[in-house]
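What follows is a single structure, written as structure tokens, with notes after it.
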Amino acid sequence: MVVPLEYFLILSSALFSIGVFGVITQRNAVRILIAVELIINAANINFVAFASYNPVGDISGWIFALFIIAVAAGEAAIGLAIFINVFRNYGEIDVGHLFTLREV
Amino acid sequence: MGWFLEFNMIVIIIFTLFMAFGALRTDKVMKAAAYLLLTLWGVAFAYLFLGSEYVFAIQLIVYGGGIVVLFLFSVLLTGQEEFQMDKEFVWNNLVQILIALLLFFTLTVLMLDVFGGYELTGNELVVLNETQDLTQTLATALFTNYNYVLPILGILLLSAMLGSIKIAIREEEL
């Protein structure tokens, strides 16, 4: 065995926990988006790891990982566009002070 | 050879987790983006250890390139240099740290319990099989069984691009 599967499972669960910690503790919207990216990467590691360790050599998990990376890119683009718009309207992107997406 | 790969993987795990934690704890916005970049590189090298060169390359190009540059642009456009950090320790922080630790231990114990004793023959098949070109296998799967994935991705990314332009552009610029 080259590298045991357990290493990747521990990496992904630790990355997921750090991401969840970031989402529940941070108030800056950019930082929350960074934490969401960490969570998505943790899921991706599991997809690729289970596909690679699959006894029958089925690599569907890799294709799912590609799909997730593309969806994450779209999510980041939309999220950052929203935050730029919010910054124009409010002058800050602290999510504790946001109540509407309308212009004030 | 096996122990050397295992040692390298441990180094990459520690590096990735430190960088991920740094991205959430540093008070400089630019540093947070740099830490995120290094975290994503660490994850990309984990893919390399899993024998998936193609996902490694995509991770480096899309995440390491595109998304981090997007973050840098948004940081520069919103003109922030430092995050507003809570300087003093509050009990709320302890509760949040405990929630994260509990989540980590629960997930780890659960996954190791379910998959830890799994008969792992596949990695040798994927990583050490030099007769089979895995990128070719991936491409064949992508254009036969999963041929709907690429058109769906194209439509999704086009709509995301148009949507983000519509959101970010000012009304008077239209």
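Just so we're clear, the structure is a prediction, and the values are computed from it rather than from any experiment. To find a chain, count down the sequence lines: A is the first, B the second, and so on, and within it residues start at 1.
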Could you tell me which portion of [X] (side chain, backbone, both or neither) has an atom closer than 4.5 angstrom to a non-hydrogen atom of chain A?
| X | value |
| --- | --- |
| I67(B) | side chain |
| L138(B) | both |
| Y63(B) | side chain |
| L36(B) | side chain |
| I152(B) | side chain |
| L142(B) | both |
| V62(B) | side chain |
| I13(B) | both |
| L110(B) | neither |
| T108(B) | both |

Side chain to side chain, [X] and [Y], heavy atoms closer than 4.5 Å:
| X | Y | answer |
| --- | --- | --- |
| F21(A) | L103(B) | no |
| V43(B) | N44(A) | no |
| T39(B) | N41(A) | no |

Problem - Exam field: side chain R31(A) to backbone V29(B), donor-acceptor pair closer than 3.5 Å - result: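 Such a contact is absent between R31(A) side chain and V29(B) backbone.
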Practice task
Kindly say whether L50(B) contributes a backbone atom to a donor-acceptor pair with the side chain of S52(A) at under 3.5 angstrom?
Solution key: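 Yes: the side chain of S52(A) pairs with the backbone of L50(B).
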Exercise for the section: Give, for atom CZ of F8(A) and atom OH of Y47(B), the distance between the pair rounded to the nearest 0.5 Å. Expected result: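 Between atom CZ of F8(A) and atom OH of Y47(B) there are 11.0 Å.
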Completion exercise
Rounded to the nearest 0.5 angstrom, the CG-CG distance for L24(B) and N28(A) is 11.5 Å
Exercise for the section: Return the orientation label for the Y146(B) and F64(A) ring planes: parallel under 30°, perpendicular over 60°, tilted otherwise. Expected result: perpendicular
Among [options], residue most engaged with chain B (heavy-atom pairs, under 4.5 Å):
| options | result |
| --- | --- |
| I45(A), V20(A), V71(A) | I45(A) |
| G79(A), S60(A), A65(A) | S60(A) |
| I10(A), I84(A), I63(A) | I63(A) |

Problem - Minimal non-hydrogen separation, L15(A) against A20(B), with atom names - result: CD1-CB, 3.7 Å
